[in-house]
Structure formats: C-alpha cells, structure tokens
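I'd like to ask you about the structure that follows.
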Number of protein chains: 2
Amino acid sequence: MAVTIHDVAREAGVSVSTVSRALSGARRVGPELVERVHEAARRVGYRHNAVARALRAQRTGVIGMVVPEISNPFFPAIVEAVERTLQESDRELMLCDSRRSPDVERRRIQALLGRQVDGLLISPVDSQASTKVLHEAMRHTAVVQMDRYADQTRLDWVGVDDESGMALVVQHVRDHGAERVALVSAERNSSSGRDRLDALRRATTTAGLAESVELLGEFSIDWGAAAARELVSRGDLPDAVVCGNDEIAVGVIRELRRHGLAVPDDVLVTGFDDTPIATYIEPALTTIRQPREAIATEAVRLLDARLADTELPVRKLALQPELVVRGSTQPGSEGSAS
Amino acid sequence: MAVTIHDVAREAGVSVSTVSRALSGARRVGPELVERVHEAARRVGYRHNAVARALRAQRTGVIGMVVPEISNPFFPAIVEAVERTLQESDRELMLCDSRRSPDVERRRIQALLGRQVDGLLISPVDSQASTKVLHEAMRHTAVVQMDRYADQTRLDWVGVDDESGMALVVQHVRDHGAERVALVSAERNSSSGRDRLDALRRATTTAGLAESVELLGEFSIDWGAAAARELVSRGDLPDAVVCGNDEIAVGVIRELRRHGLAVPDDVLVTGFDDTPIATYIEPALTTIRQPREAIATEAVRLLDARLADTELPVRKLALQPELVVRGSTQPGSEGSAS
DNA sequence: CTGAAAGCGCTTACAG
DNA sequence: CTGAAAGCGCTTACAG
C-alpha cells in the first residue's frame with residue numbers, strides 16, 4: 001500500500017539492504033549505487049517511515065515534554081527554544097500539558113513512555129506528588145527537570161538561581177529606599193514556590209530589611225490582586241511589594257492603582273521571570289529575567305549527556321538571572337503612574 | 001531486553017495472541033483468562049509499546065500540529081484545548097513551530113508525515129507559499145486548517161468569522177461617536193491579514209464612516225507603536241483606531257499615551273482576538289473574542305470526520321465571535337486613562 | 001474462545 | 001561493497 005524500500009529496491013535493481021544503507025548515508029555503498037537509489041526513490045515517491053525505523057532501531061527520535069500549563073506565559077518561550085534545539089538533531093517534540101494536576105501529569109508521562117520517547121523534559125507540578133512517577137520514568141528513559149523539580153529525585157535539573165534573583169531584587173528595592181517589604185508569592189507546594197520564598201526571606205534578612213507581611217497563594221494575577229486588597233485593608237502599606245512572579249506583580253499593581261495608590265511613588269513593586277506581560281502593564285515591571293533560551297539549550301544538552309552515559313552523576317544547574325529595572329521601581333521614570 | 005507480550009504470555013501460560021486480545025480489550029477472550037493475563041502483565045512489569053502497535057496497526061494515535069509562533073499569545077490556548085480534546089481519545093499531540101517561515105513549515109510538515117501522524121492541524125504561515133506542501137500533505141493524511149488558511153486548497157478550515165468581527169467593532173466605534181477611523185493591521189500575506197483588512201474596509205463603508213488612513217505592517221506590538229507614531233506625525237488624528245489584532249492595539253495605545261493623547265477620550269482604540277494581553281494594559285482593550293475552545297474542538301472533530309471518510313466535501317467553518325467592551329472605547333469607565 | 005503464523009517497514013549483524 | 005535473513009513488538013486474519 002505505502003511506498004516502501006522494497007519498491008525502491010525493485011526500481012533501482014538492488015537489494016533492500018542497499019537501499020536502506022544508501023538512504024541512511026551509512027558510507028558502505030558505491031557512489032554510483034547511492035545515486036541510482038536516490039533516483040529510484042524519487043521516481044517511486046518514497047517517503048521514510050519513522051515508525052518502522054524506530055521499532056527496529058529502538059530509538060524514536062522523539063522527546064517528550066510535560067509542562068504544568070502551556071498558557072502560562074513563562075512556558076511558550078521555553079517550548080519554542082526546546083523545539084528549535086531539537087530540530088538541529090532531527091528530533092521532534094511531543095508536548096503535554098499536565099494542567100497543574102499530579103494525576104494528569106502521571107498519565108501523560110505514562111503515555112509518553114509507552115510511545116518510547118528517547119527522553120523526557122519535565123517541569124514537575126508538585127515537589128512531593130511528582131516524585132514517584134519520575135522515579136519510574138527514569139527507569140525507562142533519560143529524564144531532565146526544567147524550572148521546577150520534585151524532591152528526593154536523583155534527577156538532573158536546570159533552572160534559574162532563585163537565591164541570586166531574589167537577592168538582586170531585594171537589594172534593588174533597598175537601594176531605592178525601601179525599609180519594610182511585603183512578600184507576595186505562591187504556596188510552597190511547587191519547588192519554585194518554596195525556593196523563592198526561602199530565598200526572599202534570607203535576602204530581606206541579609207539586606208537588613210523588615211518583613212511587614214507574607215502572603216502566599218498562587219502564581220496568578222488573581223492572587224496578586226487579592227493579596228493587594230489584603231495589604232490595603234490592613235492599612236499599613238509596606239515600602240515595597242516583592243512578588244514571586246510577574247503575574248502576581250501585575251495583579252498587585254493593578255489592584256493598588258484601583259485603590260488610588262501610585263506605583264512606584266507610594267509603593268515599589270517587583271516581579272520575577274520577565275515574561276512578556278512585564279512590559280504590557282503600566283508602569284512596566286521591574287523584574288528578574290530568566291535565561292530561558294539557556295535553560296532550554298542546557299536541558300537538551302543534559303538529556304543528551306544522560307542518553308550517552310547513564311552512570312553520569314546527577315547534575316543540578318542553576319543559571320544566573322539578571323535584574324531588569326523598569327518603571328515599577330523607578331519614581332519619575334517614563335512608565336510610572338501618571 | 002524490554003518486557004514484551006511474549007513475557008506476559010509465558011507468565012500467564014497462554015499465547016501472545018491471547019495476551020494481545022486480553023490487553024486490548026477485544027472482547028473475544030474468556031473472562032478468567034483476561035484476569036490471568038492482566039495479573040501476569042502486572043507481575044512482569046509489562047508496558048505497552050505504542051511504536052510496535054502503530055507499525056502493525058498502521059495508526060499512530062499521534063496528531064501533528066504546526067503553528068506559526070507558539071509564543072504569540074493567541075496560540076497557547078488553542079494548543080492547550082487541542083491537547084485536552086485529543087486526550088479524550090488517547091491520542092497525543094506532536095507540536096511544531098514554523099517560526100513564521102514557509103520553509104521551516106515545509107520541513108516540519110515533512111517530518112510529521114514521516115512520523116506517520118494520523119492527522120495534521122495547521123495554521124499556515126502564508127496564504128500563497130503554504131499551499132503546495134499542504135496539497136502534498138493531504139495525499140498522505142487528514143489535514144485541517146485552523147485560524148489561518150492557504151489559498152486554493154481543497155482543505156477543511158475552522159476559524160473565526162472576520163467579517164462579523166470587524167462589523168461588530170466598526171458599529172461599536174460608530175455608536176460611540178466615531179466618524180473618521182484609521183485602520184492599522186498586518187500585510188495581506190497571511191489569510192488573517194488579508195481577510196481582516198477586507199472585512200474592515202467593507203464594514204467602514206457599510207457603517208458610513210470615513211477611512212482616514214490605512215497602515216499595514218505586522219501583527220506585533222512594535223508595529224502598532226510605529227503606526228501610532230505615523231498617525232501622530234500626520235497631525236490629523238482619527239476618532240478611532242481599529243486594529244487587526246490585540247498586540248497591534250496595545251502598541252498603538254501605549255504610543256499614543258506616550259505622546260500625551262488619552263485613550264479613549266481623545267481616540268478610541270480596538271483590538272481583535274481577546275488574548276490575555278487585552279486585559280493587561282490600561283485602559284483595558286475593547287476587542288473581539290475568538291471562540292478558541294470551540295475552534296480547537298471543531299478542528300479535531302473535522303479531522304476525525306475526514307479520517308472516517310476521505311470523500312467528504314470540503315468544509316469551511318467560520319465561527320461567530322463576540323464583542324468585548326472595555327475601557328479603550330468607554331470614556332469615563334474604570335480602566336480609562338487617568 | 002484460543003493458537004500458530006504472517007507481516008507492518010525498516011535496520012543490521014552475518015556471509016560472501 | 002552487496003545481499004539474504006532475522007527480528008524490533010505488536011495485531012489480525014486464518015484455522016480449529
């Protein structure tokens with residue numbers, strides 16, 4: 001039914017072995033035959049069947065990727081960079097969304113393993129609940145964690161150095177005169193939630209700042225707005241609100257302004273990630289830029305190293321982030337409140 | 001090496017045929033055997049090999065998807081909805097980014113065909129340059145176009161009704177007192193660029209409005225900002241700026257405000273798509289909401305119908321959009337310029 | 001209802 | 001350098 005190497009072999013008058021070798025470029029075929037085979041392949045309209053090749057070669061050339069939420073603006077840029085990197089080695093990306101559910105995540109990983117992916121890139125939903133399935137996955141394929149990670153896994157990880165990032169942010173607001181800061185972030189159930197909060201506490205202590213209050217919810221705009229309402233209702237505003245990510249910060253800024261407070265003149269606000277949203281709002285957001293391109297590239301590199309050598313020691317790669325200063329902490333700057 | 005149905009068969013003391021039938025649930029196996037086989041499978045740690053199954057069954061259960069740019073905020077929500085819909089039938093999504101290049105798009109499609117995808121969902125980069133490869137693709141698999149489409153293809157399509165959307169927008173600004181409108185959109189090389197512009201022209205004529213100027217670039221914030229500078233430098237502001245998508249509108253609003261012009265008090269501005277960005281800016285954007293969930297669901301439905309019956313007539317499904325009114329056209333509303 | 005056998009389309013030792 | 005043969009792990013007519 002489909003055009004196979006047998007058809008090409010018949011057309012070229014050679015064996016299927018020769019066709020396979022000529023087409024795959026394994027250099028053990030006479031140059032004139034290679035030419036003849038390619039010619040024949042073109043004439044009969046041959047198209048490579050990657051499924052058959054995968055079954056025989058025990059290698060699919062497909063990498064599975066599981067993200068907590070593709071519509072979270074942090075992930076598309078990562079996905080794009082991973083896809084681009086994989087193309088350089090003719091591999092494809094099979095993308096899954098775990099919808100922030102450990103249960104969905106488990107099913108998606110099982111499906112990817114069943115499809116014999118050559119490797120798995122994952123940003124685990126939950127630092128506890130994701131551990132078990134990841135341990136099972138690593139028995140079948142190479143696994144690298146990106147951005148988030150699960151506890152107690154002997155698994156590679158690449159992400160941003162939350163400690164450095166939060167230190168940069170806290171020093172920055174202190175340099176701009178802040179003495180009392182509020183922390184608004186997410187619950188500790190994801191590794192990002194926990195690590196950023198811990199980093200934030202240490203950074204405020206180190207910088208000699210007072211922590212006015214700590215509000216924990218989700219990495220979302222809605223939570224940021226809710227937290228801002230809470231701050232306002234307490235009637236005891238801090239000098240700065242340091243947020244766990246950009247979306248929270250956007251919610252905070254918008255809600256503060258709704259209550260007639262000016263950012264940055266009354267309160268400084270900072271984010272984390274530098275997603276596109278950081279420049280959409282007004283004032284534009286001072287935030288920490290994650291090296292997303294590098295995270296993607298390094299993740300694929302770690303995966304390939306792991307594929308080449310299973311005995312490699314576990315590597316955790318924390319990349320340095322960068323402070324991006326914008327209107328939300330710069331009184332009088334172009335993007336500040338009018 | 002891997003655990004196969006042969007291992008399960010040995011463990012259960014039955015033939016591999018029986019194992020295959022028992023595991024796949026093809027109801028022609030005695031109930032007690034089904035039980036015994038499942039038990040054995042669990043004991044030996046059997047995991048289904050989807051690659052082998054795909055080769056034999058001539059069906060991979062994988063759908064390929066190609067989008068022009070995953071980091072364009074319009075697409076993640078579509079991707080998410082498609083992935084969710086496919087899961088209901090145990091299928092996986094193989095995602096590719098064509099990076100707005102017809103050449104990359106062609107290579108990605110070829111790779112997906114080589115991987116024997118059961119179907120292809122695509123938002124073609126270019127209404128002209130994408131046609132040829134799509135014609136080739138449809139000879140090998142079911143193809144459905146989403147959002148954008150290529151000309152002269154006998155291919156199904158599902159997307160938004162640009163005509164209705166633009167009519168809603170134009171009537172809305174007229175009802176708010178606009179008499180002269182500027183159109184800022186993208187070049188005509190993509191179907192969206194062309195159709196929205198045509199729809200916009202007809203709508204302004206029908207509404208009896210005067211078109212002050214027409215500026216065509218890209219679907220980007222930067223282009224919106226550039227277009228706004230052009231409008232300001234002409235020193236002849238229209239009553240409303242109707243934009244081809246939300247990103248353009250965001251660029252326009254921000255640049256107008258930078259020049260001291262108030263939106264909506266001096267000029268009304270509208271977008272198209274209702275991506276998250278529409279609510280991030282200030283004033284929030286009046287725009288056209290695309291039924292993205294429905295587009296995704298219908299695309300998979302069309303694909304399945306096409307898989308079931310190749311002879312089906314070509315279907316173009318234009319879904320009705322909805323006008324979402326926000327601060328950028330509502331003088332004095334909460335989100336308006338301060 | 002169950003089993004033996006063929007075969008999906010390819011790659012890769014093994015001979016020559 | 002080239003070919004014949006085995007086999008990747010499964011499904012599915014074909015017998016019984």
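Both backbone and side-chain heavy atoms feed into the values below; hydrogens, waters and symmetry mates do not. Order of the sequence lines fixes the chain letters, A, B, ..., with proteins taken first and strands second; residue numbering starts at 1 for each chain. Predicted, not measured: the structure shown is a model, and the values here were computed from it.
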* Is A:Ser17 touching bases, backbone alone, or none of the nucleic acid, heavy atoms closer than 4.0 Å? ->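 Answer is base: heavy atoms of A:Ser17 come under 4.0 Å of a base.
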* Look at the side-chain N and O atoms of B:Gln58 and state whether any lies under 4.0 Å from the OP1 or OP2 oxygen of C:dG9. =>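 Indeed, a polar side-chain atom of B:Gln58 lies that close.
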* Asked: Of all the choices, D:dG3, C:dT12, D:dC8, which nucleotide is nearest to the side chain of A:Val14 once you look at every atom?
  ->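 The listed nucleotide nearest to A:Val14's side chain is D:dG3.
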* Nearest to side-chain heavy atoms of A:Ser20, which nucleotide of C:dT12, D:dC10, C:dG3 ->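 My answer, after comparing the listed nucleotides, is C:dT12.
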* Would you indicate what B:Thr18 reaches in the nucleic acid, counting non-hydrogen atoms under 4.0 angstrom: base, sugar-phosphate, or nothing? =>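 Sugar-phosphate contact only.
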* Asked: Rounded to whole angstroms, how far apart are CG on B:Leu23 and P on D:dG9?
  ->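 Rounded to the whole Å, the gap is 16 Å.
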* Asked: Given that both distances must come in under 3.5 Å, which nucleotide forms a Watson-Crick or G-U wobble pair with C:dA13?
  ->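 Result: none.
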* **Listed nucleotide nearest any side-chain atom of B:Arg21, set C:dT11, D:dC10, C:dG3** =>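 Of the options given, the side chain of B:Arg21 lies nearest C:dG3.
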* **Donor-acceptor contact below 3.5 Å, side chain B:Ser123 vs main chain B:Met146** =>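 Such a contact is found between B:Ser123 side chain and B:Met146 backbone.
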* Spacing between A:Gln116 atom CD and C:dC10 atom P, to the nearest angstrom ->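 It works out to 19 Å between those atoms.
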* Under 4.0 angstrom, heavy atoms only, what part of the nucleic acid is A:Val51 near: base, sugar-phosphate, or nothing? ->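 The residue A:Val51 makes no contact with any strand.
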* Only one of B:Ile122, B:Leu134, B:Asp195 clears side-chain contact (heavy atoms from CB on, under 4.5 Å) with B:Tyr149; which? ->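 With B:Tyr149 as partner, B:Ile122, B:Leu134, B:Asp195 yield a single side-chain contact (heavy atoms from CB on, under 4.5 Å), made by B:Asp195.
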* Of all the nucleotides listed (C:dC10, D:dC10, C:dG9), which has the minimum atom distance to the side chain of B:Asn49? ->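 The closest nucleotide is D:dC10.
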* Asked: CG of A:Asp7 versus P of C:dC8: gap in Å, rounded?
  ->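 After rounding, the reported distance stands at 11 Å.
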* Using side-chain contact (heavy atoms from CB on, under 4.5 Å) as the criterion, point out the one residue from B:Leu317, B:Leu302, B:Leu303, B:Val143 that pairs with B:Asp156. =>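 By the side-chain contact (heavy atoms from CB on, under 4.5 Å) criterion, B:Asp156 pairs with just one of B:Leu317, B:Leu302, B:Leu303, B:Val143: B:Leu302.
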* Among C:dC10, D:dG9, D:dT2, the nucleotide that comes nearest once only the side chain of B:Leu55 is considered ->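 Per side-chain heavy atoms of B:Leu55, the pick is D:dG9.
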* **Nearest-nucleotide comparison on DNA chain C, the residue closer to the 5′ end among B:Gly13 and B:Ala57** =>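 Taking each residue's closest nucleotide, the earlier one in sequence belongs to B:Gly13.
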* Asked: When you match A:Glu32 and A:Val16 each to their closest nucleotide on DNA chain D, which lands nearer the 5' end?
  ->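 Of the two residues, A:Glu32 wins.
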* To do: Determine which nucleotide pairs with D:dA4, using a 3.5 Å limit on both distances of a Watson-Crick or G-U wobble pair.
  =>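 Base partner found: none.
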* Asked: Rounded to the Å, how far apart are B:Arg56 CZ and C:dA5 P?
  ->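 My rounded result for the distance is 16 Å.
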* **Heavy-atom donor-acceptor pair, B:Gln145 side chain to B:Ala150 backbone, under 3.5 Å** =>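 Such a contact is found between B:Gln145 side chain and B:Ala150 backbone.
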* To do: Could you pick out which residue, B:Thr4 or A:Leu33, lies toward the 5' side of DNA chain D when each is mapped onto its nearest nucleotide?
  =>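 The answer here is A:Leu33.
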* Dump the intermediate steps for side chain to side chain contact (heavy atoms under 4.5 Å, CB included) on A:Arg292 and A:Thr275, then the final yes or no. => CA-CA 10 Å; A:Arg292 286 189 273 186; A:Thr275 52; 4.0 Å; yes
* Asked: What's the CD1-P distance between A:Ile5 and D:dA5, to the nearest Å?
  ->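 Roughly 15 Å, once rounded to whole Å.
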